[in-house]
Visitor: 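Submitted below is the structure of interest, expressed as structure tokens.
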Amino acid sequence: MQLHNRLRTTSSLVAGLAAIALVITGCASKGGGGGSTAATSGANGSPLIIGASVSLTGDFSDSGKAVQRGYQLWADTVNAKGGILGRKVQIKIVDDASSPTQVVTNYQNLINKDHVDLTFGPFSTLLTIPASQVAKRYGYAFLAPAGGGPDVFKQNLTNFFFVQPAPTTQSGDVFANWILSLSPADRPKTAAYAELDDPFSAPIAENIRTKFEAAGIQTVYKQVYPSETQDLSPVMAAIAAKHPDVIIGGTQSVDAYAQIKALVQLKYSPKFMFQSNGANSPLEYPNKVGAGNTTGVMSSADWFPGSKASGSDAFTADYTKKFGGTAQQVDDNSAEAYATGQLIEAVAAKTGKLDNATIISSLHSGSWPTVLGDLSWGANGAPTGEFNLVQWQGGKLLPVYPSGVSQAAPVFPKPNWGG
Amino acid sequence: MHALIQGIILGVLTAGVYALMASGQTLIFGIMKVVNLAQGAMVILGAYLSYQLFTSFGIDPLLAIPITTVAMFILGVAVQLLFLRPLKAEDRSELSLLVTFAVALLLEGIMSVTWKTSVRSINTGYANSSWTVFGYQITLVRLWAFLLSIAALLVLYLLLNRTRFGRAIRATVQNPESARLLGVESSRVSALGFGLGAATAAAAGSVYGLLYPFNSGSHYDLISRLLSIVLLGGLGSIGGAVVGALIVSTSSAVVASAISPSWSEMTFFVILLLVLLIRPQGLFGTTARGAI
């Protein structure tokens with residue numbers, strides 16, 4: 001899931017610069033081969049080259065490397081099966097140092113100089129926006145595994161596909177839907193919202209609040225805290241004093257841990273506890289809040305260890321074989337990148353073609369199986385599905401809703417801390 | 001009302017930790033007129049050291065304090081001898097800002113290479129325990145942190161007021177020339193004083209690591225807070241550092257709890273601004289060289 005939020009106002013400047021650069025390089029590359037014609041199924045036997053700019057250094061490098069692992073793992077898997085339509089897949093990855101200007105240069109080069117057949121997306125909304133515009137200019141399909149902030153979809157690009165079940169700010173809607181599916185007697189009556197002030201965290205909680213208030217769940221506390229807030233104890237103390245049935249944390253990571261620690265120390269355990277991010281990290285969360293305190297906490301996820309989605313078992317096995325570790329240590333960014341490749345494979349299998357125009361038109365209709373579940377998109381590339389509701393039970397993060405993916409029944413009311 | 005009182009409890013308990021960090025900061029300023037911008041980085045280094053001792057050897061962070069303070073004392077002395085002593089006395093105050101900032105960046109770099117940049121926290125068995133008193137929660141870690149900080153401040157007080165070394169420090173603070181005439185070797189006092197400041201950072205770091213998650217970049221937030229505390233209390237006054245820490249910590253906790261977390265930092269800066277308008281030297285600062 002998208003964890004980074006560096007959406008700055010520089011993006012419009014970057015877009016302007018990108019446009020100038022596009023004109024220049026566009027002129028210089030006559031006969032370079034537009035994306036719509038470069039990757040045709042007629043080029044049988046020659047390798048299928050997929051270019052991607054990924055943040056291997058800089059702010060997003062941890063997540064960027066996870067994306068790289070996902071792309072590479074998918075290519076290796078496909079090649080072991082003989083490639084796609086008889087063509088071996090080559091992933092060409094260049095580093096953008098987490099820079100929105102470098103990412104533009106990189107995609108320019110990949111398309112005009114390296115003449116890659118297809119392009120995959122970078123990491124973060126900040127980089128996806130300028131990158132997707134370059135791809136659009138050359139008629140390339142742009143499948144992006146990370147970069148689902150609201151501004152991406154405002155571009156209304158028809159070549160763009162966000163490879164996750166739903167736009168990032170709607171990832172918490174599944175929790176609201178589950179709560180509203182409960183009988184009125186079981187439903188919470190009062191809710192408290194503690195939201196991190198960033199473009200991804202607070203909007204997730206706000207979307208839930210809108211649904212809850214419409215359904216008559218009373219808001220007893222709502223505060224947005226700045227990202228530099230070090231101590232969340234006073235905020236959680238104020239929440240505990242209101243005794244809400246449900247606490248919704250619009251969280252990122254460190255603040256999610258701090259919320260739980262503060263609640264444990266304040267000895268306040270709500271009937272329902274949801275955190276948008278942080279709580280969905282199988283490895284970090286129990287380590288940071290104490291394994292006993294995880295029980296009953298809910299979050300949302302697209303991929304999770306033990307997922308029954310298409311190809312997930314093979315993905316997990318191949319990932320742990322290639323990179324070591326356990327299924328719990330698989331980064332969901334890798335799964336999202338892997339799913340991006342699966343989509344190409346699925347389009348090729350269905351249409352027998354691999355050109356950008358076919359990919360764009362195919363993905364705009366129907367739903368497509370991936371390790372993240374079946375995906376489908378609206379006209380602007382916003383996915384139309386929903387995330388999975390996951391809950392910590394017995395030290396494990398399990399999908400509990402919707403029923404199609406659930407592996408356990410949701411536990412509520414949440415057991416007390418430590419249990 | 002409940003949230004307000006709980007906020008005050010949290011604020012007062014947290015104040016101890018900040019008082020400890022700020023006392024080292026203000027001590028260094030008192031002795032050398034050096035604003036140590038590396039104090040925050042030293043606190044974080046102290047936190048990492050106790051994190052390492054806890055994860056590798058199972059040593060409780062509070063029990064690790066004697067080890068980390070000695071290590072950081074030596075580091076502090078080394079920093080003073082290597083980087084600050086070569087500066088000429090007349091422009092030491094100005095240049096020390098650059099030098100100590102460089103030290104902060106150096107420490108940050110070393111820490112991010114050694115421990116990477118992912119966020120660490122020290123999770124002891126008692127990390128989330130608390131006592132219920134009249135319906136209010138007293139967090140055990142914060143209480144320990146508070147008591148320990150009081151104890152460390154007491155040790156510092158005794159050291160400054162009951163030992164020859166302390167007398168030498170105070171003499172240097174009040175009048176370095178006279179102190180030198182009376183046989184106090186001010187350069188040695190400076191080195192040891194800087195070491196002492198670093199040692200308080202180590203003690204505070206252990207406690208800080210218990211309370212908050214941290215990484216190598218955490219020192220930026222910390223140093224701005226510390227500078228505000230010592231400015232509020234008055235540069236060079238340890239009592240002022242304690243009072244400043246109490247005001248900072250309690251006001252931000254109370255405002256976050258009773259009004260809004262967005263206003264909590266702001267409130268403190270308003271207080272700081274008002275105090276500086278009325279008393280530019282801070283609450284307990286003196287305009288000339290004074291006592292610590």
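Letters A, B, ... are given to chains in the order of the sequence lines, protein chains preceding strands, and every chain is numbered from 1.
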Visitor: So which donor and acceptor atoms of chain A and chain B come within less than 3.5 Å of each other?
Guide:
unit_1: Gln223(A); atom_1: OE1; unit_2: Ser260(B); atom_2: OG; d: 3.2
unit_1: Gln223(A); atom_1: NE2; unit_2: Ile259(B); atom_2: O; d: 3.1
unit_1: Val224(A); atom_1: O; unit_2: Ser262(B); atom_2: OG; d: 3.0
unit_1: Gln230(A); atom_1: OE1; unit_2: Tyr18(B); atom_2: OH; d: 2.8
unit_1: Gln230(A); atom_1: NE2; unit_2: Tyr208(B); atom_2: OH; d: 2.2
unit_1: Asp231(A); atom_1: OD1; unit_2: Arg142(B); atom_2: NH2; d: 3.0
unit_1: Asp231(A); atom_1: OD2; unit_2: Arg142(B); atom_2: NH1; d: 2.9
unit_1: Asp231(A); atom_1: OD2; unit_2: Arg142(B); atom_2: NH2; d: 3.2
unit_1: Asp231(A); atom_1: OD2; unit_2: Tyr212(B); atom_2: OH; d: 3.2
unit_1: Ser233(A); atom_1: OG; unit_2: Arg142(B); atom_2: NH2; d: 2.7
unit_1: Lys261(A); atom_1: NZ; unit_2: Asn123(B); atom_2: OD1; d: 2.9
unit_1: Gln265(A); atom_1: O; unit_2: Ser130(B); atom_2: OG; d: 2.4
unit_1: Gln265(A); atom_1: NE2; unit_2: Ala127(B); atom_2: O; d: 3.0
unit_1: Lys267(A); atom_1: NZ; unit_2: Ser130(B); atom_2: O; d: 2.8
unit_1: Lys267(A); atom_1: NZ; unit_2: Thr132(B); atom_2: OG1; d: 2.9
unit_1: Asn287(A); atom_1: O; unit_2: Asn123(B); atom_2: ND2; d: 2.8
unit_1: Lys288(A); atom_1: O; unit_2: Asn123(B); atom_2: ND2; d: 3.3
unit_1: Lys288(A); atom_1: NZ; unit_2: Val119(B); atom_2: O; d: 3.2

Visitor: If you take all heavy atoms of Ser334(A) and Ala66(A), which pair is closest and at what distance?
Guide: OG-O, 2.7 Å
Visitor: For the residue pair Val54(A) and Pro122(A), establish whether any side-chain heavy-atom pair is separated by less than 4.5 Å.
Guide: no
Visitor: Applying salt bridge (charged side-chain N to carboxylate O under 4.0 Å, His left out), which residue pairs with at least one partner in residues 246-264 of chain B are found, sequence neighbours left out?
Guide: none
Visitor: Checking heavy atoms, do the side chain of Ile259(B), its backbone, both or neither come under 4.5 Å from chain A?
Guide: backbone
Visitor: Side chains of Leu222(B) and Phe214(B): does their closest heavy-atom pair fall under 4.5 Å?
Guide: no
Visitor: Is there a side-chain contact between Leu62(B) and Leu210(B), using heavy atoms and a 4.5 Å cut-off?
Guide: yes
Visitor: Applying ring-ring contact (aromatic ring centres under 6.0 Å, His included), name anything that partners Phe323(A), two or more places apart in sequence or on another chain.
Guide: Tyr319(A)
Visitor: Look at Pro234(A), Ala241(A), Ala238(A) and state which one has the largest set of heavy-atom pairs under 4.5 Å with chain B.
Guide: Pro234(A)
Visitor: For Trp303(A), check side-chain hydrogen bond (donor to acceptor under 3.5 Å, both in side chains) against everything at least two apart and list the hits.
Guide: Ser312(A)
